Amino acid sequence: GFMVQCCVWLLLWFGGGTLGQPLECRAGADVGRRCASIPLDKLLERVVQHAELIYRLSEESCALFEEMFIPLAVRTQHIRGGNTCTSPAFSVPGSKGEVQQISDKWLLHTVLILIQSWIEPLFTLQDTLDRYDNAPNVLLNKTKWVSSKLVSLEQGVTVLIRKMLDEGALTMESHQSWMIESSEPADMVESVTKDYAVLTCFKKDAHKVETFLKLLRCRQTQGLSCFPI
């Protein structure tokens, strides 16, 4: 509820940006053993809250980056250019019939694939932003937090798959980026444009992750009478 979200945000900001692991799936720990004791409904709720925070921070990071580095004309051109992201096109079904046909397995594995595809690009983005001369600390802190917690969310979703589907999770052999080419930008303008594309594309996929997890949570309480949020 509202009080829980307030407490989470207080921990985040007054804790120097190092939010305690709400999923209790710390890196380097035995993920299965550490999370297995958490009841399914509570684990799912924590995963959803984690995804909500990640999406919210991705929105704020994108807005900050735009304000600092992207002229309005460039933003407008970027929007008119349409969807330039090349991550898997996981569309959100709209009709009741389409929603009912989606399996929990599809939702969970799609979320996991999306998360895994962004872990490496976000760490790369963080390295790039660290080299900016005038990047504000608040932007750096937000992107660092998202990079760290995305790994934690991956671990939480992995445990959800084991609990809900009684099977091992799909793991990508290498964290494939949404970007086909990884060549170095020719100049600073190109570098900034590329970083802006990373942030905007990640924001879109973070919203998909949040949407699919909320749909999954709804199903656990309301059955198939749920629509994407």
Side-chain angles (χ1 to χ4, degrees), residues 5 8-9 12-13 17 19 21-23 25 27 43-67 70 75 78-79 82-94 102 106-129 138-161 169-172 175-179 194-218 227-229:
Q5 291 184 352
V8 169
W9 278 103
L12 173 60
W13 295 118
L19 178 66
Q21 299 275 6
L23 299 179
C25 303
L43 179 60
L44 181 56
E45 183 63 30
R46 293 182 189 185
V47 166
V48 169
Q49 290 177 356
H50 220 56
E52 287 175 335
L53 284 171
I54 287 174
Y55 174 56
R56 192 178 309 173
L57 265 293
S58 73
E59 284 188 305
E60 294 175 5
S61 298
C62 200
L64 273 171
F65 193 90
E66 286 181 348
E67 182 181 346
I70 306 297
R75 290 180 228 170
H78 184 82
I79 294 172
N83 185 4
T84 58
C85 308
T86 57
S87 58
F90 297 117
S91 60
V92 181
I102 300 175
W106 186 92
L107 287 172
L108 282 166
H109 282 305
T110 298
V111 164
L112 184 63
I113 290 171
L114 283 171
I115 292 170
Q116 289 177 338
S117 72
W118 276 106
I119 290 175
E120 184 176 333
L122 285 186
F123 278 119
T124 300
L125 175 66
Q126 190 61 57
D127 290 338
T128 303
L129 293 179
V138 64
L139 174 61
L140 298 176
N141 290 337
K142 287 177 187 293
T143 54
K144 284 179 181 177
W145 188 89
V146 170
S147 295
S148 171
K149 301 312 173 185
L150 197 65
V151 175
S152 180
L153 182 60
E154 178 196 21
Q155 295 169 344
V157 171
T158 298
V159 177
L160 271 181
I161 290 175
L170 291 174
T171 302
M172 300 173 70
H175 294 307
Q176 299 173 11
S177 167
W178 62 270
M179 293 176 290
K194 180 179 178 181
D195 292 341
Y196 181 49
V198 172
L199 282 169
T200 54
C201 289
F202 172 68
K203 183 178 70 173
K204 292 177 182 179
D205 280 352
H207 185 247
K208 291 175 186 176
V209 167
E210 179 193 24
T211 298
F212 293 156
L213 287 173
K214 283 184 175 180
L215 176 58
L216 191 68
R217 180 181 62 181
C218 178
F227 288 91
I229 300 173

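What you see is a predicted model; the values in this text were computed from it and never measured.
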How far does OG1 of T211 sit from CG of L215, to the nearest 0.5 angstrom? 9.0 Å
Determine the sole option in V159, V111, L153 for which the side-chain contact (heavy atoms from CB on, under 4.5 Å) test with V47 is passed. L153
Quick one: are Q155 and V151 in side-chain contact, heavy atoms under 4.5 Å? yes
Has T110 got a side-chain atom pairing as donor or acceptor with L107's backbone, closer than 3.5 angstrom? no
Side-chain heavy-atom pair V157, I161 within 4.5 angstrom cut-off: yes
Once rounded to the nearest 0.5 Å, what's the spacing between atom CG of L44 and atom CG of L216? 5.5 Å
To the nearest 0.5 Å, how far apart are CG in L114 and CG in D205? 5.0 Å
Indicate yes or no: at least one non-hydrogen side-chain atom of K149 is less than 4.5 angstrom from one of L53. no
With a 4.5 Å heavy-atom cut-off, do F65 and T200 have their side chains touching? no
Does T143 have any side chain to side chain donor-acceptor pair (under 3.5 Å) partners at least two apart in sequence or in another chain, and if so, which? Q126
Just how far is it from atom CG of L122 to atom CG of L199, taken to the nearest 0.5 Å? 8.0 Å
To the nearest 0.5 Å, how far apart are CD1 in I54 and OG in S148? 9.0 Å
Is any side-chain heavy atom of E60 less than 4.5 Å from a side-chain heavy atom of L57? yes
Distance-minimising heavy-atom pair for S61 and L139: O-CD1, 3.5 Å
Partner set under side-chain contact (heavy atoms from CB on, under 4.5 Å) for Y55, not counting sequence neighbours: S58, E59, K203, A206, H207, E210
Heavy-atom pair with the smallest gap, counting every atom of L160 and L108: CB-CD2, 4.1 Å
Parallel, tilted or perpendicular, judged at 30° and 60°: which one describes the rings of W145 and H50? tilted
In the structure I gave you, are the side-chain heavy atoms of L125 and F202 within less than 4.5 Å of one another anywhere? no
How long is the gap from CG on D127 to OG on S147, to the nearest 0.5 Å? 9.0 Å
